[in-house]
Amino acid sequence: MSEFDFDLFVIGAGSGGVRAARMAAASGMRVAVAEDRYMGGTCVNVGCVPKKLFVYASSYREAFEDAQAYGWSGQTDAQFVWPTLRDNNAREITRLNGIYRNLLGNAGVHIIDGRARLTGRQQVSVGDVSYSAERILVATGGWPFVPDFPGSEHAITSNEVFSLEVFPRRVLVVGGGYIAVEFAGIFAGLGAETHLSYRRELFLRGFDNDIRRFVRDEMTKKQVNLRFNDDVKSIEKQADGSLKVHSADGSELEVDAVLYATGRKPNTRGLGLEKLGVVLHKDGTIGVDDNFRSSVTSIFALGDVTGGPELTPVALAEAMALVKHWQTGKTAEIDYNNIPTAVFCQPNIGTVGLTEEEARQSGVPVVIYKSDFRAMRHSVSGRDERTLMKLIVDDSNDRVVGAHMVGPDAGEIIQGIAVAMKAGATKSIFDQTIGIHPTAAEEFVTMRSPVAD
């Protein structure tokens, strides 16, 4: 008989926590999971899943408009009904919550509803009940961060945006990352007067500069008012419920909602990590070694809470690598190179590998290929929307080291490119590949002339 209640106690039922719990249970470990909000974590409930559903919803207005050129009539008077989208989304999330709970239950994982805290190196308490575990895994993810300034309490975050009682007619989105850019597109597509405020010269820092500029131009075409070098200083609630936003340059903007998407913080408050001597980085993330072990040998952590790439597939891969490490004793192997990602702004961004700037800074002898065109569907619709594709090639060995795209279904297309790059594909291999015609994707295998420096 083990001296512990569980072999593994997981705090957090997000993507990483659930995957680790299920795999560990399948390997014969006695596993418990504690979750205080919702099964599936950020991605399922207030992140990638509902966000993409809202992106789909926001794309229909343009689709109705474009349909006229293809012979469809009677769509111009279509009206958007916010409660329908909001409530249907809520039902879908509830369904997914149930699926996650069933997956854990069917795997033999003991589910505990409540906020867990570490009361010992191998001790966890949930409410008034205490549990012992040989290993404890912290997988509590991140939490939206709103800086403290006058009126900040009037701002909402991505946690609240999907369940608003009333759809705002005028919206200010604050931030320059993928969440801010995505929600600006969502609100504009759904018919709101939309403004995006960012305190620097150009959003999407860390992405390829050609991509950043291209997205800026495309978003402007879609009636998103971009306010760069803009710093919000205060928000003042008006008598009619509207919000007056004051900027550092003295300008004012009146809106119905202010969505802050200025970053996320590790969701570790109240866990008791510091008292146990768990080393935290300056940004609050948990320090772990290559096997996801913290400075306390019995406590592990993975996913967003460790400060790595904040992507659901990364958390899933880390969970699988960690359980395999426990099973075999071998070092957990995770390759963080060439991780593909997508931004579901409109049009979408898909990217994998090095940006042009990263490649040049690293000393790679760079050859650049680009294609900028209007997608076939818009040759008839007449819509002024363009697609951009870009390949970064290492001229010393012909390897494709970066691929970037802005356009419809960019994430779907870049996923396949990522497989090729992981396999070490060269530009010559791309050139030898027969394209699928007529598609946008075939451009990636038909770009023959490099861009002049």
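A quick note: this is a predicted structure, and the numbers were derived from the prediction, not measured.
One finds no salt bridge joining E333 and K324 here, because no Lys/Arg side-chain nitrogen approaches an Asp/Glu carboxylate oxygen to under 4.0 Å. The residues K422 and D335 are annotated as salt-bridged, a charged nitrogen and a carboxylate oxygen being separated by less than 4.0 angstrom. Ion pair K427/D431 flagged as a salt bridge, since at least one NZ, NE, NH1 or NH2 atom sits closer than 4.0 Å to an Asp/Glu carboxylate oxygen.
When atom types are taken as modelled, the side chain of E357 and the backbone of N209 share a donor-acceptor pair closer than 3.5 angstrom. Checking side-chain atoms of H404 against main-chain N and O of G353 turns up no donor-acceptor pair under 3.5 Å. Put simply, the side chain of D208 gets close to the backbone of E356: a donor and an acceptor are under 3.5 Å apart. Side chain of S294 to backbone of I299: a donor-acceptor contact under 3.5 angstrom is found. Between the T306 side chain and the L302 main chain, no donor and acceptor come within less than 3.5 Å of each other.
Between W82 and F167, the ring planes are tilted. Angles from 30° to 60° get that label. Classified by interplanar angle (parallel below 30°, tilted 30° to 60°, perpendicular above 60°), the ring pair F187/F183 is tilted.
Between V46 and S158, the closest side-chain pair of non-hydrogen atoms is not below 4.5 Å. The side-chain heavy atoms of L280 and I286, taken from C-beta on, include a pair separated by under 4.5 Å. Counting only heavy atoms from C-beta outward, the side chains of R212 and R216 never approach each other to under 4.5 Å.
Nearest heavy atoms, D304 versus P309: OD1-O, 4.1 Å. Heavy atoms only, all atoms of each residue included: G142 and R264 are closest at O-NH2, 2.8 Å. A pairwise comparison of heavy atoms in V224 and A188 identifies CG2-CB, 3.7 Å as the closest pair.
Note: L311 CG to L316 CG = 10.5 Å, rounded to the nearest 0.5 Å. The CZ atom of F444 lies 13.5 Å from the CD1 atom of I436; values are rounded to the nearest 0.5 Å. Rounding to the nearest 0.5 angstrom, the gap separating the CG atom in D289 from the CZ atom in F300 is 8.0 Å.
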